[in-house]
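Here the structure comes first, spelled out in structure tokens, and everything after it is commentary.
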Amino acid sequence: MYGNTYGTENVTEKTPDTQKTSFGKPFSTSIVVALIAGISAIICVSIFSGNFAKYKKYSSGSGITVTGSASCDFESDLIVWRGSFSAYGTTPKSAYKSIKNDADVIKKYLTDNGISESELSFSSVSISQRWVTQYNDEGERIGEYLDGYDLYQSVTVTSEDIDKVDSVSRDITKLIEANIEFESDSPEYYYTKLDELKLDLIAQATENAKTRADIIVNGTNAHTTRLLSANLGVFQITAQNSDSEYSYGGAFDTSSRNKTATITVKLNYATD
């Protein structure tokens, strides 16, 4: 018995790769890109809006600005007194001999009045020629000739004994009586601890500005959040109880023994 055996062939049909949703429908790639772009745009706008709001909140043009000040009276602890003198001679040698003699007399006078040699400083000698112009009977200039030499020298006294130097600077009668052409300048007064004083005033002015800011915001039910900027003014050092005007670039008085130092500090705070 002959039987026919038929083989069965398995045929698999290939279909193109596609993404399907849970509903079996294809999901387009362009839609995914659009969604990502939209979400990114929303995030960028949120970040920008937050930063812009923070900038507006903390920019130096907003908030509250206050100015604090501090002043202090103090007495100078150093005096500088300068004087100058001159001598004449028909020759450089004679002129130098004359001014050297005057310098010796001045030095003795100062040391006799309690000023030590370490507090004295003599400058170098400068010299100039003295010329005389000649005129004829009609008043016309006919020439000039050398008539001698003028020599100049100065002396500086620097001391912490202000009373002593003050007294000497006001009484140079003996020098004038000795035929010395001595010109006395007004004493200058300084304070050797001025840097420390300035730092202390800055701290006081800053604290004063912060106190003013707190008073203002407390009256409006607000509060300061952070310091945005700080500006330091210039120091004004003037004579005590004087009507000296402040200078834009700062004042520095040296003519008075007793002085007043003033400084201002401007602070800008953000507020809530």
For the residue pair [X] and [Y], what are the closest heavy atoms and their distance?
| X | Y | answer |
| --- | --- | --- |
| Ser159 | Leu78 | O-CD1, 3.4 Å |
| Gly68 | Ala209 | N-CB, 3.5 Å |
| Gly114 | Lys164 | O-NZ, 2.9 Å |
| Ser76 | Ile162 | O-CD1, 3.2 Å |
| Ala239 | Ser256 | CB-OG, 3.0 Å |
| Ile106 | Phe85 | CD1-CD2, 3.3 Å |

Hydrophobic clustering (ILVMFWY, side-chain heavy atoms < 4.5 Å, transitive) - are [Y] and [X] grouped together?
| X | Y | answer |
| --- | --- | --- |
| Val168 | Phe122 | yes |
| Val157 | Val105 | yes |
| Tyr246 | Leu232 | no |
| Ile172 | Ile115 | yes |
| Leu151 | Trp131 | yes |

Enclosure of Gln240 CD (heavy-atom neighbours >12, cutoff 6.0 Å): yes
How long is the straight-line distance from [atom2] of [Y] back to [atom1] of [X], given to the nearest 0.5 Å?
| X | Y | atom1 | atom2 | result |
| --- | --- | --- | --- | --- |
| Ile237 | Ser71 | CD1 | OG | 12.5 Å |
| Ile79 | Tyr190 | CD1 | OH | 10.5 Å |
| Gln153 | Asp102 | CD | CG | 9.5 Å |
| Ser229 | Tyr269 | OG | OH | 10.0 Å |
| Lys108 | Asn113 | NZ | CG | 10.0 Å |
| Ile127 | Ile99 | CD1 | CD1 | 9.0 Å |

Audit row: Ser123, Tyr152, side chain to side chain contact (heavy atoms under 4.5 Å, CB included) steps and yes/no: CA-CA 9 Å; Ser123 70; Tyr152 305 89; over 6 Å; no
Is it the case that [X] and [Y] place a side-chain donor and acceptor less than 3.5 Å from each other?
| X | Y | result |
| --- | --- | --- |
| Thr260 | Asp73 | yes |
| Thr173 | Asp171 | yes |
| Gln236 | Thr262 | no |

[X] versus [Y]: any side-chain heavy-atom pair under 4.5 Å?
| X | Y | answer |
| --- | --- | --- |
| Glu117 | Lys107 | yes |
| Glu75 | Arg257 | yes |
| Lys259 | Thr238 | no |
| Phe74 | Tyr191 | yes |
| Thr254 | Tyr189 | no |
| Val265 | Leu267 | yes |
| Tyr135 | Ile142 | no |
| Ile64 | Asn268 | no |

Check whether [X] reaches the backbone of [Y] with its side chain - one donor and one acceptor, N or O, closer than 3.5 Å.
| X | Y | answer |
| --- | --- | --- |
| Ser169 | Val165 | yes |
| Asp77 | Thr192 | yes |
| Thr225 | Ala270 | yes |
| Asn218 | Asp214 | yes |
| Arg212 | Thr67 | yes |

Geometric cation-pi criterion Arg130 and Tyr88, 6.0 Å radius, 45° cone: yes
Test: Asp166 and Arg170 ion pair at under 4.0 Å: yes
Evaluation steps, side chain to side chain contact (heavy atoms under 4.5 Å, CB included), between His223 and Thr271: CA-CA 6 Å; His223 66 277; Thr271 58; over 6 Å; no
Test log, rule side chain to side chain contact (heavy atoms under 4.5 Å, CB included), inputs Thr91 and Ser94: CA-CA 5 Å; Thr91 64; Ser94 63; 3.0 Å; yes
Candidate pair Ser255 and Asp253, rule side chain to side chain donor-acceptor pair (under 3.5 Å), full reasoning: CA-CA 6 Å; Ser255 62; Asp253 173 80; 2.8 Å; yes
If you look only at distance, which donor and acceptor atoms sit under 3.5 Å apart when one is on a side chain in residues 177-186 and the other is two or more places apart or in another chain?
| residue | atom | partner | partner atom | Å |
| --- | --- | --- | --- | --- |
| Glu181 | OE1 | Ser86 | OG | 3.3 |
| Ser184 | OG | Trp81 | NE1 | 2.8 |

Return all side-chain donor-acceptor pairs below 3.5 angstrom for residues 195-206, not counting sequence neighbours, or 'none' if the list is empty.
| residue | atom | partner | partner atom | Å |
| --- | --- | --- | --- | --- |
| Asp200 | OD2 | Gln204 | NE2 | 2.7 |
| Thr206 | OG1 | Ile202 | O | 2.8 |

